[in-house]
Amino acid sequence: MIELIDVGKVYHASAGDHRALEGVNLRIEDGDIFGIIGESGAGKSTLVRLLNLLERPTEGRIIIDGSDITDYQGRELRELRANIGMIFQNFALFQQRTVLQNVTFPLEVRGGKKEANAKRAHELLRLVSLDDKASRYPSELSGGQQQRVAIARALANEPHYMLCDEATSALDSRTTVQVLDLLAHINAELGVTMVVITHSLDVAKRVCNRIAVIDEGHIVEEGKTADVFANPQSDVTRELLDWGYKRTDTPDGKEEVVRD
Amino acid sequence: MIEFFDKYGALLAQGTIDTLVMSIASCVFAYVIGLPLGIWFAVTTPNGLRPNKAVNTVLGWIINIGRSIPFIILLVAIIPFTRLVVGTSLGVPGAVVPLTVAAAPFVARIVEQSLAEVDKDLIEAAHSFGASNMQIIMKVMLKESLPSLVRGVAITFVNLFGYSAMAGTVGAGGLGDIAIRYGYQRFQGDVMLAAVILCVVLVQVFQTFGDWLARTIDKR
Ligand SMILES: Nc1ncnc2c1ncn2[C@@H]1O[C@H](COP(=O)(O)OP(=O)(O)OP(=O)(O)O)[C@@H](O)[C@H]1O
Ligand SMILES: [Mg+2]
């Protein structure tokens, strides 16, 4: 379980301070696929990056599985991160490593034996149906395949949590569905708790059992996905829903008016 | 033609060997110094792995000063240092020291530039998998920039090849030395031409090989 208690984040920049999050209280239960939606610049990435301390909160505490991780450093921090897989919008695969070597990377950094690492990586590549591409390089794969490799890599250390920052934004809608179904499968079969940032309500609707709506650094609404969609409590959510209802991305990337 | 090679073949062969030894040795030593320096410089930049303004500024000065001293002046200016290191300021060893000193800051700069090209997202991803800074340097930054680093080695080597000709002035030998001694001082244009052609051919060969190697290992 992940708990955020009164979490805030202020970025210090030469141009001045910028408050990205304020008074965030959140609880993500084991087994959740927890969606975070909100407009661009709302603070979604910041929120998720706090969970594995890629960013440090400037206020509040973060509790994971009962331990306060807020001040973790060094070895403790690296152990924590091994337990939290992460995938990215642009996949972030190592270009000079083969698919297999990408998947073994998180194992390598923890010092596993080479053969054991490779064996585990092959298992994971079978899980994402890409074992036949093991010796290829990322540049030889499609976007959807690259994201599946990234998912395999994120699972290498058998994490309990997985963070997905706009993981399907760079993919067309058919590939998006494949990747989302894979994430749902991993959640169901391996029990990995997921935190999924998305700007697509379709994505949220398809996989998330709970969602939080974030606006200008504040959580304005949080609850079961169905409830939030059926009965939005905040103006921001209504606006988002309204927008999503009128205009839906079609497979060829054009926007199409569904109903108005 | 045959007569020419009978007479000067051994001289030109020795010159080629001297030039190669000078260039290769100083290239290796320049990387021994410049590579860690370049990594340190890259890592301490404001958005680097371990930002450190003071260290970064000082390294920047050293590197820039090193690169701005004309080689011919450096060659003479550090003669006492050269003697201290290799016991002589003459011959091939006497040339390798100033060549190394001249090339090391250059190497540091191009290494830093290669490392700066590495996608920030990859470093972030590595962090997210619990990699330490040292692992990120070795397994991500150096690995991902390897083709670019190889191109840097080729450029450095070719530059050193050219600079080693100037080192001829301290009696270091080599093709450049031959070209100057025979062409400029003894007016034997044919020997000079042969030495210059050898230089051109060797530079072409190394540059082409470097480009090919960089292309081959680049999987992007
Ligand atoms: N490193 C940083 N330094 C300064 N400000 C930052 C930094 N990272 C993010 N911000 C600011 O914090 C705010 C929240 O950013 P964040 O990336 O969390 O938004 P987001 O909801 O993920 O947006 P998007 O949907 O565009 O990805 C933005 O105003 C952004 O400009
Ligand atoms: Mg974002």
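A note on names: the letters A, B, ... follow the listed sequences, proteins ahead of strands, and every chain is numbered from 1.
Heavy atoms of B:Val118 lying under 4.5 Å from chain A are absent altogether. For B:Asp218, the parts sitting under 4.5 Å from any heavy atom of chain A are the backbone and the side chain alike. Interface remark: A:Leu93 contributes backbone atoms only to the contact with chain B (heavy atom separation under 4.5 Å). Neither the backbone nor the side chain of B:Ser145 comes within contact range of chain A; no heavy atom of the residue lies under 4.5 Å from a heavy atom of that chain. Only the backbone of B:Ile217 comes within contact range of chain A, judged by heavy atoms closer than 4.5 Å. Looking at A:Phe105, the atoms closer than 4.5 Å to chain B (heavy atoms on both sides) all sit in the side chain, from C-beta outward. Only the backbone of A:Ile84 comes within less than 4.5 Å of a heavy atom in chain B; its side chain stays farther off. For B:Glu144, the parts lying near chain A are the backbone and the side chain together; criterion is any non-hydrogen pair under 4.5 Å. Residue A:Arg75 does not touch chain B at all, counting heavy-atom pairs closer than 4.5 Å. Only the side chain of A:Asn90 comes within contact range of chain B, judged by heavy atoms closer than 4.5 Å.
A 6.0 Å sphere centred on CZ of B:Phe81 holds no more than 12 heavy atoms belonging to other residues, nucleotides or ligands. Residue A:Lys114 places its NZ atom among 12 or fewer non-hydrogen atoms of other residues, nucleotides or ligands, all under 6.0 Å distant. Under a cut-off of 6.0 angstrom, the local environment of CZ in B:Phe206 is crowded, with over 12 non-hydrogen atoms contributed by other residues, nucleotides or ligands. In the displayed structure, B:Phe106 atom CZ is contacted under 6.0 Å by more than 12 heavy atoms of other residues, nucleotides or ligands. Applying the 6.0 Å contact sphere to CZ of A:Arg56 captures more than 12 heavy atoms from other residues, nucleotides or ligands.
Looking at A:Glu108 and B:Gln135, their side chains never come closer than 4.5 Å, going by heavy atoms from C-beta outward. A 4.5 Å side-chain heavy-atom check between A:Asn157 and B:Phe129 finds every atom pair outside the cut-off.
Of all heavy-atom pairs between B:Arg220 and A:Gln96, the closest is NE-NE2, 3.9 Å. Contact detail for B:Ala131 and A:Val109: the closest heavy-atom pair is CB-CG1, 3.8 Å. Taking both residues in full, the closest heavy atoms of A:Asn52 and B:Ser128 are given as ND2-CB, 3.7 Å, listed atom of the first, atom of the second, then distance. When all heavy atoms are compared, the tightest approach of B:Ser132 to A:Arg78 is N-CD, 3.8 Å.
Of the possible polar contacts, none joining the A:Gln95 side chain to the B:Lys219 backbone as a donor-acceptor pair under 3.5 Å is found.
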Please assess B:Lys139 against A:Arg97 for the test side chain to side chain contact (heavy atoms under 4.5 Å, CB included), listing each intermediate value before the final yes or no. CA-CA 10 Å; B:Lys139 289 174 181 288; A:Arg97 288 175 161 254; 4.0 Å; yes
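Taking NE2 of B:His127 as the start and CZ of A:Arg49 as the end, the distance is 10.0 Å to the nearest 0.5 Å.
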